[in-house]
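In what follows, a single structure is set out as structure tokens and then discussed.
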Amino acid sequence: MAETAWVLYGATGFTGQLIARHAVAAGLRPVLAAREPQALAELGRELGLEARCAKIDDPDSLARMLAGRAAVVNAAGPFALTQPAVAEASLRAGVDYFDLSGDAPLLESLGGLGADFAAANRALVPAIGFDVVFSDAAIADAASRIGPVRSVRLGLSFFRPTMSQGSWKSALEEPSIALVRRDGHLCERPASHRRELFDFGSGPRSGEIVTWGDLVTAAWTTGAPDVTVLVEADWSARIAGITLGLLKSPPGLWLGRRMIGCFPAGPDARQRSRNHSSIVAEVTDQAGNVARTALRTADPYDMTARAVVAAMQELPALDGRHGLMSPTMAFGAAQLLAIDGCKVVQRN
């Protein structure tokens, strides 16, 4: 495979730049692509990479950008806008499609497009960022030790979390709902039922139900009809929740949209070096047997970049697998858990 066989769309964003730099450090040479030509040209010159500008509302330019490539990684948000356009262009150009989306309702809507990709012998693999690569691998790892899966509970804890401008924008625009999967369907939990106890690694603690991409991808990976995702309700999660609640009020939304541009683009290298996360997957089979796999990972933004680079290095391994897949379905749990910065700390 040619070294320039894949395109990184959204390369000028905070996460896109991290991916591009990790790729170059790993010896890969993606084609950089974005909507804003000046920043794109500067990044291309800095990294010595080909740069192609393509507007999200111009299907022909997107298809031309992808022609002759093997794959595209869409790192440009908001994914509700970019995913349909870039995925359709990928199908038209005959290339594999990957993205960083962790939006559960958006992932749930991909079934029909997955059938089109399968018919075209191309892969459709969303959610190859921190959300949901490592949690999906932990879920699959736990599920491998028991029988047919009935339910999945996923617990996430973040130490010193810092959000990028793009993450704040996405969080600000997403509806304030808490979803779970029950009997194969996404269902909203009322505000009075959004807390559950969960063992995040040091005994039962309060967790807040969140609408995470694993609500969908865990069902793809394991067939589980019931999935719940919880974030440990520590002080940082509470502060973030209160802040978002205030910003999502009518006056707060107006102010928040204007304030985000004043925030740092994202955590710097020093901040990221101090950040880490814990992931606990608890899987129950139809006989009531329970298996748990717990992980500790480095900073989520760095782990996103490493996951994308690992996926692109393994592109040849996708030969013969087409259509809609979770990250684990595409690359295998063992491969994903071996990514630098991810450590299995418990299996039982």
Side-chain angles (χ1 to χ4, degrees), residues 1-101 128-129 163-170 173 257-258 260-269 271-272 299 301-302 304-313 315:
M1 180 180 294
E3 286 187 318
T4 54
W6 60 284
V7 175
L8 174 60
Y9 189 70
T12 56
F14 176 76
T15 304
Q17 289 192 45
L18 275 182
I19 293 169
R21 297 181 196 285
H22 274 75
V24 170
L28 302 180
R29 299 188 58 79
V31 175
L32 304 181
R35 293 164 281 190
E36 207 287 308
Q38 182 174 345
L40 179 64
E42 291 173 359
L43 183 64
R45 283 194 295 271
E46 178 191 343
L47 298 180
L49 298 175
E50 180 184 349
R52 301 282 299 274
C53 184
K55 301 293 185 182
I56 203 69
D57 58 355
D58 186 347
D60 290 337
S61 73
L62 288 171
R64 286 194 300 271
M65 172 190 73
L66 299 176
R69 310 300 181 183
V72 59
V73 175
N74 178 15
F79 291 102
L81 172 66
T82 67
Q83 186 188 78
V86 182
E88 288 287 354
S90 302
L91 190 59
R92 180 176 168 186
V95 305
D96 294 333
Y97 175 86
F98 302 82
D99 71 29
L100 309 184
S101 173
I128 63 162
M163 292 169 62
S164 69
Q165 282 188 18
S167 295
W168 274 110
K169 288 177 183 177
S170 296
E173 300 301 332
R257 287 170 174 159
R258 286 154 181 79
I260 287 173
C262 302
F263 292 177
D268 60 28
Q271 289 173 311
R272 296 197 310 274
D299 172 77
Y301 291 103
D302 283 331
T304 288
R306 294 171 190 176
V308 170
V309 170
M312 293 302 98
Q313 290 172 324
L315 266 182

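One-based numbering along the sequence shown.
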From Asp99, Val308, Val309, residue fulfilling side-chain contact (heavy atoms from CB on, under 4.5 Å) relative to Val73: Val308
Option from Ile56, Leu81, Leu91 for which side-chain contact (heavy atoms from CB on, under 4.5 Å) with Val86 holds: Ile56
[atom1]/[X] to [atom2]/[Y] distance, rounded to the nearest 0.5 angstrom?
{"X": "Leu47", "Y": "Arg29", "atom1": "CG", "atom2": "CZ", "result": "9.0 Å"}
{"X": "Met312", "Y": "Ile19", "atom1": "CE", "atom2": "CD1", "result": "9.5 Å"}
{"X": "Gln271", "Y": "Tyr301", "atom1": "CD", "atom2": "OH", "result": "10.5 Å"}
{"X": "Leu32", "Y": "Glu50", "atom1": "CG", "atom2": "CD", "result": "9.0 Å"}

Do you know the tightest heavy-atom contact between [X] and [Y]?
{"X": "Leu315", "Y": "Ala71", "value": "CD1-CB, 3.8 Å"}
{"X": "Ala75", "Y": "Gly16", "value": "CB-CA, 4.4 Å"}
{"X": "Leu8", "Y": "Pro30", "value": "CB-CB, 4.5 Å"}
{"X": "Arg52", "Y": "Arg64", "value": "NH2-O, 3.7 Å"}
{"X": "Thr12", "Y": "Gln17", "value": "O-NE2, 3.0 Å"}
{"X": "Ile128", "Y": "Ala307", "value": "O-CB, 3.5 Å"}

Validation row: [X], [Y] side chains within 4.5 angstrom (heavy atoms):
{"X": "Arg92", "Y": "Asp60", "answer": "yes"}
{"X": "Phe79", "Y": "Leu100", "answer": "yes"}
{"X": "Leu66", "Y": "Ser90", "answer": "yes"}

Polar side-chain atom of Arg272 near backbone of Pro267 as donor-acceptor pair, under 3.5 Å: yes
Side-chain donor/acceptor of Gln83 to backbone N/O of Ala80, under 3.5 Å: no
Salt bridge (charged side-chain N to carboxylate O under 4.0 Å, His left out) evaluation trace for Arg21 with Glu46: CA-CA 10 Å; Arg21 297 181 196 285; Glu46 178 191 343; 2.5 Å; yes
Listed partners of Ala76 passing side chain to side chain contact (heavy atoms under 4.5 Å, CB included), at least two apart: Tyr9, Arg35, Asn74, Thr82
